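Heads up: the structure comes next, in structure tokens.
Both backbone and side-chain heavy atoms feed into the values below; hydrogens, waters and symmetry mates do not. No experiment lies behind these values; they were computed from the predicted model shown. In each ligand, atom 1 is the first atom listed, and ligand 1 is the first ligand listed.
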Amino acid sequence: MKHFIILLNILFVNISIAQDSTAIKSQVKHSIDELVDFVKIPNDALNADDIDSNLIWLRNKFNNRGFNTSILETENLPLFFAALPMDDSKPTILFYMHLDGQSVDAAKWDQPNPYETVLKSKDGDVWRTEAFEDLNDDINYDWRLFGRSTSDDKGPIVMFLNAIDLLKKNNVAIPFNVKVILDSEEEKSSKPLPEAVKQYRELLKADFLVINDGPVHASGKPTVIYGCRGITTLSLTTFGPIQPQHSGHYGNYAPNPGFQLTQLLANMKDKEGRVLIPGYYEGITLDDATKTVLKSVPDSDDLISEKLQFKTAEKVGAFYQEALQYPSLNIRGLGSGWIGERARTIVPATATAELDLRLVPESDGTRLKNLVKKYIANEGFYITDTMPTEQERMNHDKIAMIKEGSVTDAFRTDLNHSNGDFIVKVLQDKFQEDVVQIRIMGGTVPISPFINELKIPAFIVPMVNPDNNQHSPNENLKIGQIAYGIQTFYAILSTPLP
Ligand SMILES: [Zn+2]
């Protein structure tokens, strides 16, 4: 009898998985049709009419699914907001995605129109165009949809809508209030967002924020990201003679700005890449539990160095993920005189280094810029933010002109936050796989100020393939990721908080 029950259970489980996958496949098919339709509407935020057409499409699609929608006016382009009817006894999730896409240069795409989605399969190294009619019941999850914003970020919006469809079909009561905010200027740095939070604070009120943008970890595994580094910049110029001078006549005599600059830069770091400027890493501690999570990310440091072709990594952290927990000090560009075929025998007049500083929550951007400036002053440089006058040149041996860029802050939600644990557990249970937890991503998202202004825990739950050519020609979305996205939204929206 016991065996029979077990057998019955196995049978039942198998049948339900089979049904599940049929239902999902038909929802995937529906999503593809809907995404093709959505991608057809150009979405370059430089063109306000494009954005309006997208808002009309969205309003229709969300209204049809029972959402109340509104267009939120801002100091620039409007935002899209949708919410299911509220129930005060339930916790509230706010989802963030964006409807705008990067500008396109159609000539660089392997298809006539980046807004006309093309279906492709991979044959060796070559992508072959497939007919949409061939997407029959047995959809090939390795095929891809090529078109602007298929991945970034219209795909996830469509996955969300189709997860809602499936929840309805299955009569699942959603144990949350669901709110959605869609940005129309993410690719143009989301400028109106932080102000909009102040204006629409009541509307956007939620217990936690889930951001569906960007790709999953390179391993392709389910991924949850808890933060992103911020950024600021410095431009640093040193000065030699007022005009470039003949190196025969004045070499050994006129001070060389290239040597001044490189000596200054060289002493900012030790030979293994650690910043030597006092206080630069202040406030950052990584306990053992945090290190365990960092180590659990399935990166291969060997593969990274092989791919980028360098022998030894810098030593700010002991491994890749650990290195990202610290602010960086990077020379992003360096110039003086002329180089290559155009090199001239001169003592140059100036030398310039462009620096970028990636920030973590412990390292305020203004504080770090001030530390760098203080260091330069301590090296005997006179500091100015404009071209030095003749008087200044005659009064100081070493002059540094420093121009400061604005600061975009980092954000990071605590790795131990219960809402994060909830999302990780839901993904683990759903996909029966380890979930990659990224404490902080190296790059910067323009919505950090928005997240910090909302003052609620935020988690990035990416939906799309890592090799999606985001922002580039031939942007694409792997069809299997649509199934992944629908199931992820479905799982989150059908599981009550513990
Ligand atoms: Zn995006």
Can you name the nearest heavy-atom pair linking Ala48 to Leu77, along with the distance? CB-CD2, 3.7 Å
Could you go through Gln481 and Asn465, starting from their C-alpha distance and side-chain angles, then the distance that decides it, and tell me whether this counts as side-chain hydrogen bond (donor to acceptor under 3.5 Å, both in side chains)? CA-CA 7 Å; Gln481 295 299 135; Asn465 39 301; 5.5 Å; no
Side chains of residues 450-459: which donor-acceptor partners sit under 3.5 Å, not counting sequence neighbours?
| from | atom 1 | to | atom 2 | distance (Å) |
| --- | --- | --- | --- | --- |
| Asn452 | ND2 | Ala410 | O | 3.2 |
| Asn452 | ND2 | Ser448 | O | 3.3 |
| Glu453 | OE2 | Arg201 | NH2 | 2.8 |

Side-chain contact, heavy-atom cut-off 4.5 Å: Thr92 with Lys179? yes
Asn76 backbone acceptor or donor facing Thr74 side chain under 3.5 Å: yes
Hey, are Asp110 and Asn474 close enough side-chain-wise for a donor-acceptor pair under 3.5 Å? yes
Near the Zn ion (ligand 1), which protein N/O/S atoms fall under 2.8 Å? His98 NE2, Asp152 OD1, Asp213 OD1, Asp213 OD2
